[in-house]
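Below, each value reflects all heavy atoms present in this structure, side chains not excepted, and no hydrogens, waters or symmetry copies.
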Amino acid sequence: MRVAATPGQAPSLLSARHPVWMCAMRPFFLIAMGSAVLLIGLWSAVLALGLPPPPVTGGALVWHAHELLLGFGLAAVVGFVLTAVPEFTNTPGASTRAARWLTALWLLGRAGFWLSGVGGLPALAVAGTAQFALLAMLIVLLWPAFRTPAGQRHHAFGWAISGLALLVAGFYFDALRGAYPMRWLHAFLGLLMVLIVVAMSRISMRIVNRAIDQADPGAEPYLARPHRRNLAVLCIALFTLAEFLHEGSRTSGWLACASAAAVFNLLGDWHVGRPLLRRWPLMLYAVYLCMALGYALMGWALLAGGPGVIAGRHLLTVGTIGLAIYAVICIAGRAHCGLAIDERAWGMWGAGLIALAALLRAGAAWVGEYSVAWMALAGFCWMAAFGLLCIFIAPVLLRAREDGLWGCEG
């Protein structure tokens, strides 16, 4: 429910009356953009300067992948679904208390995992419990929305979040018994790709059609066709399952190629002429392009050899996930604070930096002795892009709405 904001001295950030808690999107988008800069900054220092990584269970690579997927990525997912699902279903959003509990669980998950090297199994158990509880609470909060007539069209979000919870449980089950848990993170990445396809089908209808209306009001509208989306989801899910059961198999290679073809087929809906070249449709188009190229490189490497698997996986993480989260924060971060989308040039500069980071990080697989320099430069581009979000979007999320209302309706 929206109520008039109380004038006067700004409350403490820890106070429930602070504007950051008026919408669950706000703390999690702030967490996502801040952790994007911090995590890649630390990882770049590990690679280029020899800084020792946190001595977590599983080692440095597991720490890097875990924090980018279950830290940065999961924060953005929570912020998005807690805003998008209530909007799609016309139901109330999460309360201030729920937003604070979810944020506390996210932070507890980070602390437990980072301390697992010194705290051992108890710290790891705390991290796993907190992260599973975060996703379980998310499902409980969204359950009333999914039960509405409108919510029945958005059950895919519920299934995806449930799947993420199961993968988190699997990761910590392996980690607690001393097994190498990376396969669960690879599966988590695959399910995030599915979630991005599902979310993009909703977001793109609004963004692309807005661009069409601005360029040619009488033109035929864009339609995200379900059969193309469903085919892409099926292929990605099958590849993810095959890789989980038998990593590196030729079956996985063919399914990666099928996933690339299905995503390229999905892009056929987007070819609407000049409106596609406007900044926001083009940014979202690049999300799918990175996804298609990532799966294509992985398929090629699994079938013919070479370093394409690691290159393709980084196109999915840096390119697809990075661009998707960046675009959503740019668009929703202002719209659900009662403001118009910021059309200044910094938005495209940031998207370009993320695309460049994805290309550099993927290309590092082929440059031999220069790979560390390429990875460091990719890290700098990534941090600069999300640093722009911290400069231009974070202040919006930290202050009261200009229309004097309390809530996150756009």
Side-chain angles (χ1 to χ4, degrees), residues 31 35 39 42-43 46-47 51-78 101-140 158-195 236-249 251-252 255-256 298 302 309-310 313-314 316-317 321:
I31 285 170
S35 61
L39 291 171
L42 288 174
W43 184 242
V46 169
L47 294 175
L51 179 75
V56 303
T57 300
L61 285 177
V62 169
W63 167 71
H64 172 55
H66 179 279
E67 289 306 290
L68 280 178
L69 294 174
L70 276 70
F72 161 70
L74 187 55
V77 167
V78 173
W101 270 107
L102 289 167
T103 303
L105 287 170
W106 186 92
L107 291 171
L108 185 60
R110 308 279 65 69
F113 188 70
W114 283 53
L115 294 173
S116 63
V118 294
L121 295 183
L124 199 61
V126 167
T129 301
Q131 297 196 136
F132 185 83
L134 169 63
L135 287 161
M137 185 175 176
L138 191 59
I139 295 169
V140 170
W159 287 114
I161 296 166
S162 300
L164 293 178
L166 290 175
L167 293 176
V168 166
F171 173 89
Y172 280 97
F173 175 77
D174 268 7
L176 285 166
R177 66 189 182 93
Y180 190 61
M182 184 64 84
R183 63 173 182 155
W184 297 97
L185 296 177
H186 290 165
F188 196 94
L189 172 61
L191 192 48
L192 281 183
M193 293 299 107
V194 170
L195 187 56
I236 293 170
L238 289 174
F239 166 75
T240 301
L241 179 62
E243 186 184 41
F244 180 83
L245 296 175
H246 189 186
E247 186 175 0
S249 67
T251 300
S252 298
L255 287 171
M298 293 174 74
L302 289 168
V309 171
I310 190 67
R313 211 179 303 277
H314 279 95
L316 298 181
T317 52
I321 293 178

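- Looking at Val46 and His64, their side chains never come closer than 4.5 Å, going by heavy atoms from C-beta outward.
- Evaluation of the side-chain hydrogen bond (donor to acceptor under 3.5 Å, both in side chains) rule for Trp184 yields Asp174 as partners, not counting sequence neighbours.
- Side chains of Val62 and Phe171 form a contact here, defined as non-hydrogen atoms less than 4.5 Å apart.
- Residues satisfying the side-chain contact (heavy atoms from CB on, under 4.5 Å) test with Leu47, not counting sequence neighbours, are Trp43, Met375.
- Listed by chain and residue number, His155 satisfy the side-chain contact (heavy atoms from CB on, under 4.5 Å) test with Trp159 (two or more places apart in sequence, or in another chain).
- Atoms OG and CG, on Ser35 and Leu42 in that order, are 11.0 Å from each other to the nearest 0.5 Å.
- Each salt bridge (Lys or Arg N to Asp or Glu O under 4.0 Å) pair with one or both residues in residues 60-71, not counting sequence neighbours, appears once here: Glu67-Arg110.
- The backbone N or O of Gly248 lies less than 3.5 Å from no partner atom in the side chain of Ser252, so there is not a single donor-acceptor pair.
- Annotation: side chain of Leu134 is in contact with side chain of Leu102 (closest heavy-atom distance under 4.5 Å).
- Under the ring pair (Phe, Tyr, Trp, His ring centres under 6.0 Å) criterion, Phe132 pairs with no residue at all, not counting sequence neighbours.
- We find the CE-CG distance between Met182 and Leu189 to be 11.0 Å, quoted to the nearest 0.5 Å.
- Considering CG of Leu192 and CG of Leu316, their distance stands at 10.5 Å, rounded to 0.5 Å.
- Qualifying ring pair (Phe, Tyr, Trp, His ring centres under 6.0 Å) partners for Trp114, counting only residues two or more places apart in sequence or in other chains: Trp63.
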(message) Applying side chain to side chain contact (heavy atoms under 4.5 Å, CB included) to Gln131 and Leu108, what does each step give before you reach the verdict?
(response) CA-CA 8 Å; Gln131 297 196 136; Leu108 185 60; over 6 Å; no
Sequence neighbours excluded and cut-off under 3.5 Å, please list the side-chain donor-acceptor pairs for residues 123-130, or say none.
residue	atom	partner	partner atom	Å
Thr129	OG1	Ala125	O	2.8

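- Pairs of residues two or more places apart, or lying in two chains, never qualify as salt bridge (Lys or Arg N to Asp or Glu O under 4.0 Å) while including a residue from residues 184-195.
- Contact of the Leu167 side chain with the Leu191 side chain is registered, since non-hydrogen atoms from C-beta on lie closer than 4.5 Å.
- Nearest heavy atom pair, residue Val168 against residue Phe188, reads CG2-CE1, 3.9 Å.
- To the nearest 0.5 Å, atom CG of residue Leu135 and atom CG of residue Leu164 are 6.0 Å apart.
- Distance check: Tyr172 OH to Leu121 CG gives 12.5 Å after rounding to the nearest 0.5 Å.
- Under the ring pair (Phe, Tyr, Trp, His ring centres under 6.0 Å) criterion, His314 pairs with no residue at all, not counting sequence neighbours.
- Within the structure, the salt bridge (Lys or Arg N to Asp or Glu O under 4.0 Å) test picks out no pair touching residues 111-128 (sequence neighbours left out).
- To the nearest 0.5 Å, atom CG of residue Leu74 and atom NE2 of residue His66 are 9.5 Å apart.
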Would you be so kind as to tabulate the donor-acceptor pairs closer than 3.5 Å made by side chains of residues 236-247, with sequence neighbours excluded?
residue	atom	partner	partner atom	Å
Thr240	OG1	Ile236	O	2.8
Glu243	OE2	Arg313	NH1	3.0
Glu243	OE2	Arg313	NH2	2.9

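- Counting only heavy atoms from C-beta outward, the side chains of Leu39 and Phe72 approach each other to under 4.5 Å.
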